[in-house]
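The structure appears right after this line, and notes come after that.
These numbers come from a predicted model, not from an experiment. Residue numbers start from 1 in every chain, and the chains themselves are labelled A, B, ... in the order their sequence lines are given, proteins ahead of strands.
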Amino acid sequence: MRIATWNVNSLKARMDRVEEWIGYAEPDVLCMQETKMTDKAFPAMAFSAMGYDSVHHGEGRWNGVAILSRVGIDDVVSGFAAGIEPDRDARLLTATCGGIRVMTVYVPNGREVGHEHYHYKLDWMRRLREHLDAAATPTDEVLVCGDFNIAPDDRDVWDPAACNGGTHVSEPERAALARVVDWGLEDVFRRQYQADRLYTWWDYRAGMFHKHMGMRIDLMYASASLADRLDWTLIDRNARKGVQPSDHAPLVGSFQERL
DNA sequence: ATGGTCGCGCAGCGA
């Protein structure tokens, strides 16, 4: 079972790259963020022709998340579970694919520490934990992946000193992430790579990608029983190269078959 | 040292 997460930064602008990538990466499940389109505009037929069922939760110009699956999509929940203050944006989608409760998340960008959007981000993370409590059980196979806009620790940024005090690395953001992880999740990339400084996002500007100046903010978390089946993970830097790339690279996790 | 680019949509904002 191969599961991927990719912030595509507009599916309309990225469709050729996404189709190319699916063609060679052959994920069983692909979670996307920042599709930036309405549900009506979502190219479900094109994905169907490639063998994937899909579900999309979009709004238009901003945000938007999707799950593609060739192992089934059931019990879909758009946004936070019932009983939680609804999200004003399209940032979360939950579905069961091949026996795994999959969640694709696009965590708000906080803009600046202390900004109104920063507080919205922290509150959004609080609600994500409530969503986990309501929509899943830690003993089940659960996978939470997406663009968290938070670097979990200083290994996850190219220069901790330069990033110090900024958004993505602030202590309250990391604490909010830890609170979500505390539900019963493990960072599968870090399960495989402990010291490695590998990133998933690089600013388009200033040749940041070529200078290896990025952040690891696209994350894949698995519940214990699923994490125990982890075979390997990969950040596909090739997808960040070439013609009209997203500013994020896909992150792939491969899980062994259930015994 | 600083700033450097995209996408959306048609100016300038958001990331």
### Query
Hey, are the side chains of Arg111(A) and Glu116(A) touching, using non-hydrogen atoms and a 4.5 Å cut-off?
no
### Task
Round to the nearest Å and state the distance from Trp62(A) atom CH2 to dC13(B) atom P.
11 Å
### Message
Rounding to an integer number of angstrom, what distance separates dC10(B) and dA1(B) when you compare their P atoms?
### Response
40 Å
### Query
When the C1' atoms of dA11(B) and dG7(B) are considered, how many whole Å apart are they?
14 Å
#### Entry: 5' priority, DNA chain B, between Ala206(A) and Thr35(A) [closest heavy atom]
Ala206(A)
### Message
Both Leu11(A) and Tyr106(A) contact DNA chain B. Which one's nearest nucleotide lies toward the 5' end?
### Response
Leu11(A)
### Any donor-acceptor pair under 3.5 Å from Lys12(A) side chain to Phe42(A) backbone
no
### Inter-nucleotide P distance (dC6(B), dT2(B)), Å rounded
22 Å
### Query
Is any side-chain nitrogen or oxygen of Arg61(A) closer than 4.0 Å to OP1 or OP2 of dC13(B)?
no
### Message
Is the positively charged end of Arg216(A) above the ring of Phe148(A), judged by distance under 6.0 angstrom from the centroid and angle within 45° of the axis?
### Response
no
### Distance between C1' atoms of dG9(B) and dC13(B) (Å, rounded)
11 Å
## Note on the structure
Of the candidates dG7(B), dA15(B), dC8(B), the side chain of Lys12(A) sits closest to dC8(B)
### Task
Whole angstrom is fine here: how far is it from OH in Tyr204(A) over to P in dT5(B)?
13 Å
### Message
Rounded to whole Å, please give me the gap between NZ in Lys211(A) and P in dG3(B).
### Response
13 Å
### Message
Let's see if you can work this out: which of dG4(B), dA15(B), dG7(B) has an atom nearest to the side-chain heavy atoms of Arg14(A)?
### Response
dG7(B)
### Message
Counting only side-chain nitrogens and oxygens, does Arg205(A) get under 4.0 Å of the OP1 or OP2 atom of dC6(B)?
### Response
no
### Task
Indicate whether OP1 or OP2 belonging to dC8(B) is found under 4.0 Å from a side-chain N or O atom of Ser10(A).
yes
### Task
Scan side-chain atoms only and decide if Tyr24(A) and Asp236(A) contain a donor-acceptor pair under the 3.5 Å cut-off.
yes
### Task
Please check if the side chain of Arg237(A) supplies one atom and the backbone of Ala249(A) the other of a donor-acceptor pair under 3.5 Å.
no
